[in-house]
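Reviewing the structure listed below.
Computed from a prediction, not measured in an experiment: that's the story for all the values here. Lettering follows sequence order; numbering is per chain, from 1.
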Protein chains: 2
Amino acid sequence: MQLDSFFPYRLAVASEAFSRNLTDVYERELGLSREEWRLLFLLANAESMTSLDLARRTTLDKVQVSRAAKRLGEKGLIVREIPDEDRRIRVYRCTTEGFRQFRHLQPKVQERANRMLNAMSPEDREALEQGISALLKVAKSD
Amino acid sequence: MQLDSFFPYRLAVASEAFSRNLTDVYERELGLSREEWRLLFLLANAESMTSLDLARRTTLDKVQVSRAAKRLGEKGLIVREIPDEDRRIRVYRCTTEGFRQFRHLQPKVQERANRMLNAMSPEDREALEQGISALLKVAKSD
DNA sequence: AACAAATCGTTGCAGATGCAACGATATTGA
DNA sequence: TCAATATCGTTGCATCTGCAACGATTTGTT
């Protein structure tokens, strides 16, 4: 058995290569890490979210959320609020600037992703989508 | 557009989940990182390899190879040699213990991978294999 | 031969990461 | 009520990581 034919390895390499390609975009344009990008993505599409919501929906733990949110705050892209109902919790929302930057950036990221996906045949693309969906179901629970 | 339906995100989540599952095995059994596991994998299937060979075939850079190899050496799983032809280069090879541990560990890792893959339907599994192969081709070069 | 440039591996350092401990707040139960 | 317990976010710390710089060695040039 060769490493290059070991499926888990191939999956990891493909995913890393794809991811790095996208990271290039928001890293260079806005200086965002992948974690920050994920939070901005969620917050740009929601009125507001708590840390726990963010953690659940990004597969980040609370420390990562806390730090990524802190940096996004320092960049003026999101703001943090402490609700009176429960002062342990933090509620985040996009700033106007955050929305603006996201609207500017998202199409570029999408375009970069599409560039790679469009380099594949429609059949391969569909297979990939189907395979990843199926894998998500079985790998998540385990 | 929701984050959960954004393909790059789904790919990353699936890959991370899969990878973490396998890491559990060689992390717990031998205290190996993913980098170390990759090097051991290559060296257990080759007579010997140089740092450059290892780097090329693992998508690790030379620093990662150097550090992972150092740790594998400290664990007695591989040895390092400096060839007389070119004393800048390092040549690595598995120790008897390295081969032994790999033969012991590899089936367990494979089994864990198979457990997840077998939880998928044959069609999904095939689609996944096809999709990842195609993705590797386009994402690597870019 | 001798010096400049290139190659290779390692190390130092700054920043990132994961984990446990902590402080603040809220909930529970006696 | 109030003390014990649980929840949430942040911080400290040890470790890991990526990058540039470095020393050792080899190659190329004159």
Return the value, rounded to whole Å, for the distance between atom [atom1] of [X] and atom [atom2] of [N].
X       : N      : atom1 : atom2 : result
B:Arg90 : D:dG23 : CZ    : C1'   : 11 Å
B:Asp24 : C:dG18 : CG    : P     : 15 Å
A:Glu16 : D:dT17 : CD    : P     : 12 Å
A:Ile82 : D:dC8  : CD1   : P     : 15 Å
A:Leu60 : C:dA16 : CG    : P     : 15 Å
B:Asp53 : C:dG9  : CG    : P     : 10 Å
B:Glu35 : C:dT17 : CD    : C1'   : 13 Å

Below 4.0 Å: OP1/OP2 of [N] and any side-chain N or O of [X]:
X       : N      : result
A:Gln64 : C:dT17 : no
A:Ser51 : D:dC8  : no
B:Arg34 : D:dC16 : no

**Study point:** Nearest listed nucleotide, side chain of B:Lys62, among C:dC19, C:dT11, D:dA21
**Key:**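 When the side chain of B:Lys62 is considered, D:dA21 is the closest of C:dC19, C:dT11, D:dA21.
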Looking only at D:dA20, C:dA6, D:dG9, the nucleotide nearest the B:Arg88 side chain is C:dA6
Does a distance-only test, which skips hydrogens and angles, find a donor-acceptor pair under 3.5 Å between the side chain of B:Arg67 and the base of D:dG18?
-> yes
Taking atom types as they are modelled, would you say the side chain of B:Arg87 forms a donor-acceptor pair with the base of C:dG9 within the 3.5 Å cutoff?
no
Any salt bridge between B:Lys75 and B:Glu36, counting N to O under 4.0 Å?
yes
Note to self: What I'd like to find out is whether the side chain of B:Met49 reaches to under 4.5 Å of the side chain of B:Leu43, using heavy atoms alone.
What the structure shows: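 When only atoms from C-beta onward are counted, B:Leu43 and B:Met49 do touch, with a gap below 4.5 Å.
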Handout entry: Side chain to side chain, A:Tyr26 and A:Leu40, heavy atoms closer than 4.5 Å
Key = no
Would you say B:Glu111 has more than 12 foreign heavy atoms packed within less than 6.0 Å of its CD?
yes
For this session: Could you pick out which residue, B:Thr50 or A:Arg71, lies toward the 5' side of DNA chain C when each is mapped onto its nearest nucleotide?
Result: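 Nearest nucleotide further toward 5': that of B:Thr50.
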### Between B:Glu123 and B:Ser121, a side-chain donor and acceptor under 3.5 Å
yes
